[in-house]
Amino acid sequence: MGLTVTNTLTRTKEAFVPRDEGKVSMYVCGPTVYGDIHIGNARAAIVFDVIRRYLAWRGFEVTFVQNYTDVDDKIINRASDEGTDWQELARHYSQAYEQVASALRLDPPDRLVKATDHIPEMIDMISRLVEGGFAYESAGSVWFSVENFPGYGKLSGRTLDEVHSRERVEPDPHKRFALDFALWKAAKQGEPSWDSPWGPGRPGWHIECSAMSAKYLGMGFDIHGGGSDLVFPHHENEIAQAEAALGTEPFVRYWLHNGMVKMDAQKMSKSIGNLVLVKDLLKDVRPEVLRMMAISGAYRSDVDFGEASLEQARRAVERFDNFSRAAGEAAAQVSKDGRRYLERLTAAMDDDFNTPLAISVMFDLVKHGNTLMDSDNDPEGARNVAGLVAAFNQMAGVLGISYDPAADEAAAADNLSAEQAELLERRDEARKTKNWAESDNLRDKLADLGIIVEDTPAGTRWHRKS
RNA sequence: GGCGGCGUGGCCGAGUGGCUAGGCACCGGUCUGCAAAACCGUUUACUCCAGUUCAAUUCUGGACGCCGCCUCCA
């Protein structure tokens with residue numbers, strides 16, 4: 001047994017053997033900070049957050065690096081359109097991203113690196129490429145020559161001939177070959193630029209990931225993640241740059257790619273105009289629900305995002321919440337039964353991070369725990385449940401879909417309005433005097449205000465609607 | 001045109017050459033003042049056509065359909 005992962009490079013599921021025993025180095029392409037992130041971006045971030053958490057939980061020492069692309073055509077164009085400073089714009093959306101990341105409970109990367117802080121490293125890598133005959137200068141720009149790198153196409157399964165048939169872009173006159181891509185772009189009037197051996201300019205998009213990941217993780221690091229839409233050309237180009245510049249391979253041991261988020265069976269993308277921004281969605285959807293949606297299918301599959309799937313994720317999270325609420329405190333130690341569920345979760349996640357199966361294990365645990373709680377004539381019951389809760393909390397922590405009682409209470413203290421509190425009190429009164437009509441009426445009113453009340457033998461409880 | 005992925009019960013979604021996925025919804029029951037939550041029970045499957053096999057949803061070939069990449073994109 002052991003961990004297996006689907007490697008895009010080989011298109012097969014392989015045994016995962018890290019470069020350094022017991023350690024995992026991973027790099028995930030972060031956002032270009034020119035706008036608010038949408039739930040497609042969020043899904044990728046969540047998927048790799050879960051993978052990283054699982055690896056750490058499983059005992060690996062994980063080093064996780066993520067980048068910001070903070071200089072880029074899109075940033076410059078947008079800043080120019082809005083008449084703002086491009087650095088100001090990048091800073092603004094970097095902060096916006098961090099807020100969303102925190103709201104989504106993404107564990108912060110060990111290193112969050114910015115392209116603009118690594119211009120010298122990029123220039124160095126480009127120089128090596130020029131010296132090695134893998135790149136050429138033309139009118140102040142530098143291009144990577146894909147024909148001179150024999151391994152080009154190994155990730156995406158393309159060959160150089162294929163491209164000739166179907167050009168979709170006007171070829172740049174400075175390029176020698178259609179697939180050649182920019183490593184360094186000559187400065188244009190009014191645009192940001194840095195000095196270089198080829199004159200003032202700025203780096204191309206692909207070079208930053210090669211330069212920064214190689215710097216912080218070294219060649220042959222373990223996992224490079226990103227969306228499936230980055231396989232070509234971005235990741236293909238990263239491989240070409242790094243392996244050509246440093247003369248060794250592999251650049252990356254395992255390439256992992258997540259599936260797309262779709263809206264009405266179409267990819268969510270800016271051009272189609274069907275974007276849902278995370279910051280908007282979080283106004284009325286809890287972060288756990290979004291995380292649940294992101295991992296309720298296998299990470300490599302596309303997920304369709306819509307009202308129906310949102311509702312299902314909401315219900316699933318509620319079921320976990322209900323269990324957590326009812327089961328109470330975890331035992332200090334995972335019980336024997338609890339360990340069985342942890343083993344099943346491990347087996348599921350070891351199989352290429354099979355999160356849907358892992359979630360089903362959690363549901364099985366919940367059913368088990370609920371059954372124990374229902375059969376209250378069992379004196380061992382409470383202790384057994386606590387031992388299960390200990391296991392449940394670990395699983396929920398790995399997937400990041402845990403119910404957080406502290407957050408719930410904090411929300412309660414902060415947000416329970418005077419009106420809501422009063423209604424709750426009046427309902428208690430009504431129930432004491434068996435005034436059921438009044439009590440039910442108040443329950444409806446509270447529900448309208450987002451407060452769900454439940455009457456239990458131990459008294460009335462309430463919680464917020466998810 | 002090239003490369004890649006997918007088609008599972010009302011919906012979402014795992015998985016396997018023969019042995020219950022799981023969730024949501026529905027129905028019946030227990031509990032409850034009524035609900036809610038919870039528990040028990042129950043129904044509905046593997047796009048189509050060939051082939052391999054004692055046995056295929058699972059392997060092979062084909063058909064049809066859907067999706068992604070080939071331009072910035074998670």
Side-chain angles (χ1 to χ4, degrees), chain A residues 8 11 28-32 34 37-48 69 72-74 77 153 156-159 161-170 178-179 205 225-234 236 257-262 265-271 275 292-294 296-298 300-304 306 308-323 325-326 348 351 354-364 366-367 369-375 431 434-437 439-440 443-444 447 452-457 460-463:
Chain A
T8 307
R11 298 183 192 287
V28 175
C29 291
T32 298
Y34 73 110
I37 69 163
H38 60 262
I39 56 178
N41 300 309
R43 150 112 137 146
I46 292 165
V47 158
F48 289 102
T69 299
D72 177 85
D73 288 351
K74 286 177 298 216
N77 292 341
S156 57
R158 274 157 231 273
T159 64
D161 324 332
E162 280 169 13
V163 230
H164 290 299
S165 54
R166 205 130 168 133
E167 293 296 332
R168 289 173 59 175
V169 189
E170 287 296 306
L179 274 186
W205 176 42
S228 62
D229 53 356
L230 294 184
V231 172
F232 190 89
H234 185 54
E236 189 71 65
H257 290 100
N258 63 275
M260 300 291 101
V261 170
K262 300 195 293 184
Q266 274 190 314
K267 180 186 170 185
M268 180 172 292
S269 72
K270 202 144 201 175
S271 50
L275 294 185
M292 178 67 85
M293 282 199 57
S296 60
R300 277 178 297 109
S301 307
D302 295 344
V303 291
D304 201 289
S309 46
L310 189 63
E311 186 55 27
Q312 292 217 92
R314 203 194 306 267
R315 296 287 300 142
V317 168
E318 263 174 27
R319 189 166 158 82
F320 289 146
D321 287 356
N322 289 331
F323 173 71
R325 254 194 296 274
D351 184 12
N354 189 335
T355 50
L357 192 57
I359 291 167
S360 80
V361 173
M362 289 182 67
F363 278 119
D364 285 346
V366 165
K367 176 170 271 190
N370 281 330
T371 306
L372 282 177
M373 286 187 277
D374 258 33
S375 57
R431 293 193 73 241
K434 297 194 192 295
N435 184 350
W436 307 127
S439 154
D440 291 350
R443 179 167 63 203
D444 290 344
I452 307 297
V453 294
E454 293 176 30
D455 302 317
T456 74
T460 298
R461 278 193 325 217
W462 65 270
H463 63 93

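Here is how names work: the chains are called A, B, and so on, in the same order as the sequence lines, proteins then strands, and each is numbered from 1. Just the heavy atoms: all of them, side chains too, but no hydrogens, waters or symmetry mates, feed the values below.
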Given [options], which nucleotide is nearest the side-chain atoms of [X]?
X	options	answer
A:Arg11	B:A38, B:C40, B:G4	B:G4
A:Lys262	B:G23, B:C67, B:G22	B:C67
A:Lys74	B:C69, B:A74, B:C72	B:C72
A:Lys367	B:C39, B:A74, B:G2	B:C39
A:Leu230	B:G2, B:G68, B:A74	B:A74
A:Ala44	B:G68, B:G23, B:A74	B:A74

* Asked: Between atom NZ in A:Lys267 and atom C1' in B:C6, what is the gap in whole Å?
  ->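 Value for this atom pair: 17 Å.
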* **Spacing of A:Phe232 atom CZ relative to B:C3 atom C1', expressed in whole Å** =>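 So the CZ-C1' distance, A:Phe232 to B:C3, works out to 10 Å.
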* Considering only the P atoms, how many Å lie between B:A74 and B:G51, rounded to the nearest integer? ->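 Each nucleotide's P atom is 48 Å from the other's.
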Partners of [X] by side-chain contact (heavy atoms from CB on, under 4.5 Å), sequence neighbours excluded?
X	value
A:Val303	A:Arg43, A:Val261
A:Ala298	A:Ser301
A:Ser156	A:Arg158, A:Val231, A:Phe232, A:Glu236

Protein-nucleotides 9-15 of chain B N/O pairs under 3.5 Å:
residue	atom	partner	partner atom	Å
B:C12	O4'	A:Gln312	NE2	3.1
B:A14	OP1	A:Ala298	N	2.6
B:A14	O3'	A:Asn354	ND2	3.1
B:G15	OP1	A:Asn354	ND2	3.3

* Asked: A:Asp440: what forms a salt bridge (charged side-chain N to carboxylate O under 4.0 Å, His left out) with it, not counting sequence neighbours?
  ->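 A:Asp440 satisfies salt bridge (charged side-chain N to carboxylate O under 4.0 Å, His left out) with A:Arg443 once adjacent residues are dropped.
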Those residues that, when tested against [X], pass side-chain hydrogen bond (donor to acceptor under 3.5 Å, both in side chains) (two or more places apart):
X	answer
A:Thr8	A:His257
A:Asn322	A:Arg325
A:Lys262	none
A:Asp229	A:Lys267

* Watson-Crick and G-U pairing of RNA chain B, under 3.5 Å, as dot-bracket with | and [ ] -> (((((((..(((.....[...)))..((((.......)))).....(((((..]....))))))))))))....
* Asked: How does each nucleotide of nucleotides 26-35 of chain B score, in 5' to 3' order, for protein heavy atoms under 4.0 Å: base (B), sugar-phosphate only (S), or none (-)?
  -> -------BBB
* Asked: With nearest nucleotides of RNA chain B determined for A:His234 and A:Arg461 from heavy-atom distances, which residue corresponds to the more 5′ nucleotide?
  ->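 Taking each residue's closest nucleotide, the earlier one in sequence belongs to A:Arg461.
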* A:His234: ring pair (Phe, Tyr, Trp, His ring centres under 6.0 Å) partners, not counting sequence neighbours ->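 For A:His234, the residues satisfying ring pair (Phe, Tyr, Trp, His ring centres under 6.0 Å) (neighbours in sequence not counted) are A:Trp205, A:His206.
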